[in-house]
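First the proteins, then the strands, lettered A, B, ... as listed; each starts at 1. The structure displayed is predicted, hence computed values, not measured ones.
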Number of protein chains: 2
Amino acid sequence: MGNRFPTETKRVTIADVAALAGVSKGTVSKFLGDGDYYIAEATRGRIAAAIAELDFQPNALARGLVRRRSQTVGVVVASVLNPLYPEMITGIDEVLGERGYTLIFGSTEGSSVKEADVIRSMQQRQVDGIVMASVTLQDAEVSQLVDAGLDVVLASRHMRRSDLVDAVIVDNEDGARQAVEHLIAHGHKRIGHLAGPQNVYPFEIRREVFERVMRQAGLPVNGLISVAESTRQESGAPAMAELLGADEPPTAVFVANDSLAIGAIEACAARGVRIPDDVAIVGFDNIWVAHLHGVQLTTVDSRAREIGRNAAHRLLDRIEARWNDGGHPHPVELRMLPTRLVRRGTCGCTPEPPDPLTGSSN
Amino acid sequence: MGNRFPTETKRVTIADVAALAGVSKGTVSKFLGDGDYYIAEATRGRIAAAIAELDFQPNALARGLVRRRSQTVGVVVASVLNPLYPEMITGIDEVLGERGYTLIFGSTEGSSVKEADVIRSMQQRQVDGIVMASVTLQDAEVSQLVDAGLDVVLASRHMRRSDLVDAVIVDNEDGARQAVEHLIAHGHKRIGHLAGPQNVYPFEIRREVFERVMRQAGLPVNGLISVAESTRQESGAPAMAELLGADEPPTAVFVANDSLAIGAIEACAARGVRIPDDVAIVGFDNIWVAHLHGVQLTTVDSRAREIGRNAAHRLLDRIEARWNDGGHPHPVELRMLPTRLVRRGTCGCTPEPPDPLTGSSN
DNA sequence: CCGGTATGGGAAACCGTTTTCCTACCGAGA
DNA sequence: TCTCGGTAGGAAAACGGTTTCCCATACCGG
C-alpha cells in the first residue's frame, strides 16, 4: 500500500504559526476568521508576521469539516461544448469569485446516471449548494435533493411547479412568442418547429408556445414539428432534414435552441437549401456564434451570463441566510429575465447594426 | 453571528452506521475503503445494510483531511469562452470522472492576479494537483509551485525549459510550419502573421516558425506581423485591421489561433475584404466553429480534447505514483501530439470532404 | 476597597474520517 | 499442551482547523 506520507513536504499548520508567534492555536484562528474577537495590536502583528514568514495557507478541508460548510458550490451542466454553458459558467464564476466561493464542476453529457453520480460526488464533497443547469433529472428527483437539505438553484430551466426550488430563467414564453410572431410577420404560412428533447421543461414550453401562437394565427401545425434527440448540434441536422423532406416543407423554422439551429443550418447547406430564401430560421439562446458574419442567426437572447450571475447570487444568498438569519430560509422564487429577439439574417431581415464582436450582446 | 447549526438536517456519520450495524467506526471505515482488510461476510452484510438504510454518504472533507489528499484536481483556464477550453475541459473531465476525481474549476480571464488567487484557493482546498491551461503565469512562478510540492501539468502550453514541469502540447513547430508552407504553396508572397500575446510560449513559437519558414522561402517578414493583446476574439479584429491597412497589405495571413482568426474574419467582413480572394487565412486550433459552413476556416488541429485527456492522465499518474511508488515521482516529460493542417475554404482550397458536424475532427 | 465591565488569550472539545496497534479466537502443527 | 499464523474487529490517536468556555488582567465608578 505504499508509504503513508511520501515525498510530501511537511505542511505548515496553524500550530506552527502559533508557536512562532508565541500564542495559542485558538488565537491564530481568531485572527484568521473575521469574527470580532479581541486581539491586541501587538499580537496581531506577530501573528501576521509569522504567517508571512511561514507562508501559511489554512487548510480548507479542516476548516470546512468543523464549520460544516465548504465555501464551495457545485455547478452541473449538460455539456460544456454548447457555448451557452460557458457563458453561463462565466457568469457564475464571476459571482462565486467575488463572494469567496470555489466552483466545483460537473458535466453530465446528457446521461442521468452520470448526473446522479456527479451530484452525489458533490454532496460528499460537502458543497454548500448546487447550480443546476443540467436537464436530465426529473422534477421529483430534484425536489428530493432539496428536501434532503441541499440548496439548489436551477439555471435556465425550471420545474412545472415553480414553488419547490429556486430557478432563474429567461422568459421562454415571451421569447418563443416573439420568435414565432416574427416569422409570421415575415409572411410565412408554413412554419415548422425543431423542438428540443421533450423531457426538458424549457423546450416543452417553447414548443407549446409555438403551437399556441400558430393556432391563434390560424396556421397549421400538423406535421411541422420535429423533435431532436438531444441538444447537441449533430442532432439538429437529421431533425431539420426530416422537416425539409416533408411533402410540403415549411418555409420557416423556429428552432428550440441555437446549438440545434447551427446543426440545422449545416443540414441546409449540405442539401443546397438557401437561408433565408428557401427557408428562414430563428433560433433561441443567442450564443456568440450566432452573430458571426457567416452565420447571422436570428435568435432570442437567453442572457446566459446574467442567468449565471443571478443564479449564483440567489444560491449564495440562500446559503448565507441559512447561517445568518437564524435558520429561516428565503422563500422559493422563480426569477424570470425578460428577453428580446435579436434580428439578424436568417429570418430574412437585414441585420441589426453590426453588433461587433462583443462576445455576448446583453 | 447566528446559530451554529441551523436548519441543517442532522448528517449521517460513520458512527451512526457503526451503531446500527453493531460494529465500531473503524470497521465501517475499513469496509468503505478498498484496502484488503479482513471483514466477515456477515459483518459486511450488516454494514452494507446499515449504509443503505441510512443513505450514508461519507464526508469527503474528513476523509481528505486524514488521508491528506482530496481526490480533487484543479483546472485553470484563461477563459472558458474560447471554445478551445471547453473541448479541453471535456477531455479532462472525462478522465477525472473515470478515475474518481473531482474537478475544481478556475478561470483567470487573463489576469495574473486572478490566476494567482485561483491557484492559492486551490491549494488551500488541498487539490491533489493542477492542470494549467492558462497562460499568464511566468515560467519561474510555475516552477516555484512545482518546487513547493504541487503537482502540475501544463496543457497546451509549456515552458522554455521543458524539464521542469510536465506538459502536454500539440506540435506547434510542425503545425505552424504546415500552415505557413501551405500558404506559400498557394503562391502567396506577402504573407502576414497575426501573432498572439508574446509572453505566451506557444504563440512565441508559432511566430518564430512563421519567421523562419518565411525566411527560408526567401520571403519578406518585415512589417507583416501584428500582435494581438489577448487571445480574445475581439482583439483579432484591430490586429487584422492593422495588417490590412498597411501600404502593401498581405495577401494571406497566418493567425495565431482560431479565436483571433474569427475576429480577423469579422474584420474582413466589416471592410468588405473577401476571403480567400483578397486575403487568405489560416488559423490554429481547429475549434468546432471553424468547420461551420459559414466559416470554413483552414486551420491546424490543436487536438484539445486529447490534450485534455493526456494531461489529466499524466497528472493522475504522477499523483498516484507519489503515493504508491514509495515516493519516487515520475520523471518530467514533455508530450507532444502530432498535428495536421485541416484544409477548408479560407486558404483558397476547396474544402476537404464535408467533415459533417462531428464537433471535433480527430 | 470592591464589584463590574471591557480586553486579551489559553485549554480543550469537536468536526468525521482513516489507520495503527492490539487483543482474541480458532485450527493446525510440533 | 503450546505456539503460531490467519481472521476479525475494537480503541484511540491522528488530521488541522474553530469555537466555547474560562481565566486573567486593567480600569472604572462608587
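As a whole-Å value, the separation of Arg125(B) CZ from dG16(D) C1' is 15 Å. The distance between atom CZ of Arg69(A) and atom P of dG16(C), rounded to the nearest whole Å, is 15 Å. The OH-P distance, from Tyr37(A) to dT7(C), rounds to 17 Å in whole Å. For the pair Asp36(B) CG and dT20(C) P, the computed distance is 12 Å after rounding to whole Å. With rounding to whole Å, Arg68(A) atom CZ is found 7 Å from dC15(C) atom C1'. Computed from coordinates, the Leu65(B) CG to dG16(C) P distance equals 12 Å when rounded to whole Å. A straight line from CD of Gln126(A) to P of dG17(D) spans 18 Å, rounded to a whole angstrom.
The side chain of Arg67(B) sits closest to dT18(C) out of dG16(D), dT18(D), dT18(C). Checking dG16(C), dG10(D), dT18(D) against the side-chain heavy atoms of Ala62(B) singles out dG16(C) as nearest. Side chain of Ala40(B), nearest nucleotide from dC15(D), dA8(D), dG16(D): dA8(D). Proximity note for Ile14(A) (side chain, C-beta onward) versus dG9(C), dT19(C), dT18(D): the nearest is dT18(D).
The backbone N or O of Gly91(B) lies less than 3.5 Å from no partner atom in the side chain of Arg309(B), so there is not a single donor-acceptor pair. Side-chain atoms of Asn310(B) never come within 3.5 Å of backbone atoms of Ile307(B) as a donor-acceptor pair (strictly under, hydrogens ignored). Distance alone, capped at 3.5 Å, is enough to place a donor-acceptor pair between the Lys114(A) side chain and the Ser107(A) backbone. Remark: the backbone N or O of Gln126(B) is paired with a side-chain donor or acceptor of Ser70(B) at under 3.5 angstrom.
Taking a cutoff of 4.0 Å between a charged side-chain nitrogen and a carboxylate oxygen, Asp128(B) and Arg318(B) do not qualify as a salt bridge. Here Asp139(B) pairs with Arg157(B) in a salt bridge; the nearest charged N to carboxylate O distance falls below 4.0 Å. Using a 4.0 Å cut-off between charged nitrogen and carboxylate oxygen, Arg44(B) and Glu41(B) count as a salt-bridge pair.
Between Lys30(A) atom NZ and Leu32(A) atom CG the span is 12.5 Å, to the nearest 0.5 Å. Atom CZ of residue Phe105(B) and atom CG of residue Asp93(A) lie 5.0 Å apart, to the nearest 0.5 angstrom. Atoms CE and CE, on Met132(B) and Met122(B) in that order, are 10.0 Å from each other to the nearest 0.5 Å.
Near DNA chain C, defined here as any heavy-atom distance below 4.0 Å, the residues from residues 25-32 of chain A are Thr27(A), Lys30(A), listed numerically. Residues from residues 51-60 of chain B with heavy atoms under 4.0 angstrom of DNA chain C, sorted by number: Phe56(B), Gln57(B), Pro58(B), Asn59(B).
The 5' end of DNA chain D is approached more closely, in terms of each residue's nearest nucleotide, by Val23(B) than by the other of Arg63(A) and Val23(B).
Considering Arg314(B), Arg335(B), His330(B) in turn, Arg314(B) is the only one that fulfils the side-chain hydrogen bond (donor to acceptor under 3.5 Å, both in side chains) rule with Asp166(B).
OP1 or OP2 of dG9(C) sits under 4.0 Å from a side-chain N or O of Thr43(A). Between Ser24(B) and dG10(D), a side-chain N or O to OP1/OP2 separation shorter than 4.0 Å is present.
Looking at Arg125(B) and Thr102(A), their side chains do bring a donor and an acceptor atom within 3.5 Å of each other.
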Can you name the atoms? Protein N/O to nucleotides 3-6 of chain C N/O, anything below 3.5 Å, with the distance.
none

